[in-house]
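Everything below concerns the one structure shown next.
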2 protein chains.
Amino acid sequence: MRKRVGLREVAKAAQTSIATVSRVLNNTGYVSEESRQRVLEAVRQLNYQPNLRAKGLRQRYSRTIGLIIPNLLNAYYTALADQISLLLHQEGFQLLLSSTRDEVEIERNALQKLIGHDVDGLIWVPTAPDEQLLEHLYSQHIPTVCIVRQVRGGRLDAIVFEDFKGAKAATQALLKAGHRRIGYIGGDVCYSSNYDRWQGFLQAMQEAGIPTDECCVRLGALRSEWGAKAANELLSLKPPPTALFVASNAIMPGVIKTLRAHGIEIPRHISLICFDDLDWFSFSQPPISAVATSHTHLAQACVELLLRRIHGEDEDLPQPYLRQISFELVLRASIAPPPQNQNTG
Amino acid sequence: MRKRVGLREVAKAAQTSIATVSRVLNNTGYVSEESRQRVLEAVRQLNYQPNLRAKGLRQRYSRTIGLIIPNLLNAYYTALADQISLLLHQEGFQLLLSSTRDEVEIERNALQKLIGHDVDGLIWVPTAPDEQLLEHLYSQHIPTVCIVRQVRGGRLDAIVFEDFKGAKAATQALLKAGHRRIGYIGGDVCYSSNYDRWQGFLQAMQEAGIPTDECCVRLGALRSEWGAKAANELLSLKPPPTALFVASNAIMPGVIKTLRAHGIEIPRHISLICFDDLDWFSFSQPPISAVATSHTHLAQACVELLLRRIHGEDEDLPQPYLRQISFELVLRASIAPPPQNQNTG
DNA sequence: TAAACATTTTGAACGATTTCAGATGGGCGC
DNA sequence: GCGCCCATCTGAAATCGTTCAAAATGTTTA
């Protein structure tokens, strides 16, 4: 196996003790210029690299943060992860990544592994964890920030988007264009974000005095395949909806493919809006409307919060701390009046 | 600060020694049923979680793999990272993630940190590291697999795509459609993948007997902004190219936006092909042709290779091991004969 | 009684930091 | 010149939470 060079070797090469070497490397305590030079030379010669695990073991922190997200295929999460990684690296933290595929068992395992690796903090997109798992986490007293989704019971810090408000605004945009029969394709409401968006949709419909047709609401997996299936189902309704609200970008590709396959034109035959903006929405033909959320802001906020918790600079923070990141409604050409109203619109 | 419960506490609670506790937890050596039960009970009571850092320190491995990639914004890398993460988790490894932003200094720092965290192996999308950094890495004897790009000098394992062949095939597809004035928009050739693609393009042109017009070749950053700039420049040439080969998906959005902004129709005014397929290429209007590379295969291959190196099951592997992952040319409606030939095609 | 066996404890690693006690030498008052 | 204090420098030893080899303690069996 591979043999690492440690303080011992360096000390021997520099003809001094490991304590002195440590002092040189950390600029702590007294050390003569002469030995300092000898040590530095030895370090260079031997290509010595301090073992951060041993260091952390002694100092009782790891300078490591665990990030738990469903996957790295959704632009929604990758943009977040990218920004979080960047910010944490700037602060000298290393990122331990785990993806859960939205499965509780994998999530449990990931959480345990990260705790075991002694992370200083956790950033977590939770699924719908059970009480036992939560108790286990609480008992470890690891600073934890939930993002994107919240955990029922609310003992954990959470930074989420304005799901309810954003979904409501999106729905109202469709209503304003004259649509009354609106299809909703979303993710499983066991996750708080999906639930809140769904509720936002329902609320907007209710306020507009439109009885919600259960048939027009489709809740399923956050995957392209689900989008295709749900879109197919909605299109076969009589009459089909004149507008679609797709509640997650992960679902979008399937929806678009299905519409194209049916030869349906946007927005002539059907209007479209999506929760969360993607780069290609803007230069798609037609450009697609979206509830644009700022991943940068969320990343910034969660890193800032987590660091304060870790460093104990959180006397003035509520426990737990909750925050919503605002959105922007980006209206593009994918929304038009419904077909039968087109002449009057 | 937070106080973790260790073997010591568990041993005390179970009224035995830490060694016995350790043996219970690892199912190793002799231990009576009686004490086993007492220990398990204590573990449950105290919510004990073994400290993997201390464990690894003693056992001389960390069950941790470092992944160094430019960023998590490019679907190119995220698909890879997702698959790699999945495979490694299945093998019980944790992933330490670092993004370099393609900057050597950040890369150097990331590499040092990962070495310091005592990773068992490294998966690395290298930029263009200097000799000193490489020597430092070599001296640590950490199993390392470069992916997507290779390192000059070639002492490291590498698994890359068929950049040269793929680029050549893409160019030939355009040539076959009748194009002779083809624009090339690519990334900085200091990275091996960009260099090879560029060479593949040049070779195809040369074999077709077409003198390469330097003006039609644009090499820059792997970013959307660069795509916009380069496309603008190429369009203002007299005459402008009748086809474009975009050598990275990261560049694509800028190119498309620019074409749309100029009111240029694909493929009527200009044909288009891109290296690396993205999901929206298939349902874009028109669908965009691409050199489709299999990230799944690359991920699979690199994890497999790395694990063999780590476990020392690599007697029959060349040193270094090099491999190319094959591609598939996906021709879609974005390619048509050049404008002046359109009637004859 | 010794050998064989099961079970447990002890103590030394692992690779760092940190505390503490000592060594050395200079300055200062007497 | 002597004693004393202080600043500077050093190395031995404890510590972090584990594993592991060896020794110790019982308990049977030959």
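Values below: every heavy atom of this structure, side chains too, minus hydrogens, waters and symmetry copies. Labels below follow one simple rule: chain letters A, B, ... track the order of the sequence lines, proteins then strands, and each chain is numbered from 1.
Applying the salt bridge (charged side-chain N to carboxylate O under 4.0 Å, His left out) test to Arg323(A) and every residue at least two apart in sequence or in another chain returns nothing. The salt bridge (charged side-chain N to carboxylate O under 4.0 Å, His left out) search around Asp314(A) returns Arg309(A), not counting sequence neighbours. Residues meeting the salt bridge (charged side-chain N to carboxylate O under 4.0 Å, His left out) test with Glu105(A), sequence neighbours left out: Arg108(A). Residues passing the ring-ring contact (aromatic ring centres under 6.0 Å, His included) test with Phe161(A) are Tyr76(A), His295(A), sequence neighbours excluded. In this structure, the salt bridge (charged side-chain N to carboxylate O under 4.0 Å, His left out) partners of Arg308(B), at least two apart in sequence or on a different chain, are Asp316(B).
For the pair Ile18(A) CD1 and dT10(D) C1', the interatomic distance rounds to 13 Å; values are reported in whole Å. In this structure, the CG atom of Asn51(A) is 14 Å from the C1' atom of dG17(D), given to the nearest Å. In this structure, Leu25(B) places its CG atom 11 Å from C1' of dT18(D), rounding to the nearest Å. Atom CG of Asn26(B) is separated from atom P of dG17(D) by 17 Å (rounded to the nearest Å). Note: CZ (Arg53(B)) to P (dT18(D)) measures 11 Å, nearest angstrom. Taking atom CD on Gln59(A) and atom P on dG17(D), their separation rounds to 14 Å, with Å as the unit. Leu57(A) places its CG atom 6 Å from the C1' atom of dG17(D), with the value rounded to the nearest Å.
Taken residue by residue, residues 30-49 of chain A places heavy atoms nearer than 4.0 Å to DNA chain C at Tyr48(A), Gln49(A).
Along DNA chain C, the stretch of nucleotides lying under 4.0 Å from any heavy atom of chain A spans, 5' to 3', dG15(C) to dT18(C).
Within 4.0 Å of Arg8(A), counting heavy atoms only, lies at least one base atom of the nucleic acid. Looking at heavy-atom distances under 4.0 Å, Thr16(B) makes contact with sugar-phosphate atoms alone, never a base.
Rounded to 10°, the angle separating the first-five-pair axis and the last-five-pair axis of the helix from dT1(C)-dA30(D) to dC30(C)-dG1(D) equals 70°.
Annotation for Gly154(A) and Pro320(A): closest pair O-CG, 3.1 Å, computed over non-hydrogen atoms. The shortest non-hydrogen separation linking Val148(B) to Ser193(B) is O-CB, 3.6 Å. The two residues Leu72(B) and Asp82(A) make their nearest non-hydrogen contact at N-OD1, 2.7 Å. Nearest heavy-atom pair, Tyr48(B) versus Val5(B), reported as atom, atom and distance to 0.1 Å: CD1-O, 3.4 Å.
Looking only at side-chain heavy atoms (C-beta outward), Ile65(A) and Ile310(A) come within less than 4.5 Å of each other.
When atom types are taken as modelled, the side chain of Ser192(B) and the backbone of Gln150(B) share a donor-acceptor pair closer than 3.5 angstrom.
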> Can you give one letter per nucleotide of nucleotides 21-26 of chain D, going 5' to 3': B for a protein heavy atom under 4.0 Å from the base, S for sugar-phosphate only, - for none?
Replying inline: ------

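Within the structure, the salt bridge (Lys or Arg N to Asp or Glu O under 4.0 Å) test picks out the following pairs touching residues 139-153 of chain B (sequence neighbours left out): Asp102(B)-Arg149(B). Listed by first then second residue, pairs satisfying salt bridge (Lys or Arg N to Asp or Glu O under 4.0 Å) with a partner in residues 41-52 of chain B read Glu41(B)-Arg44(B), not counting sequence neighbours.
The phosphate of dG11(D) (OP1 or OP2) has a side-chain N or O of Thr20(A) nearer than 4.0 angstrom.
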Can you list, pair by pair, the side-chain donor-acceptor contacts under 3.5 Å of residues 21-33 of chain A, counting residues two or more places apart and other chains?
residue: Ser22(A); atom: OG; partner: Asn26(A); partner atom: ND2; Å: 3.4
residue: Arg23(A); atom: NH2; partner: Thr20(A); partner atom: OG1; Å: 3.4
residue: Asn26(A); atom: ND2; partner: Ser22(A); partner atom: O; Å: 3.2
residue: Asn27(A); atom: OD1; partner: Arg36(A); partner atom: NH2; Å: 3.1
residue: Ser32(A); atom: OG; partner: Ser35(A); partner atom: N; Å: 3.3
residue: Ser32(A); atom: OG; partner: Ser35(A); partner atom: OG; Å: 2.4
residue: Glu33(A); atom: OE2; partner: Gln37(A); partner atom: NE2; Å: 2.9

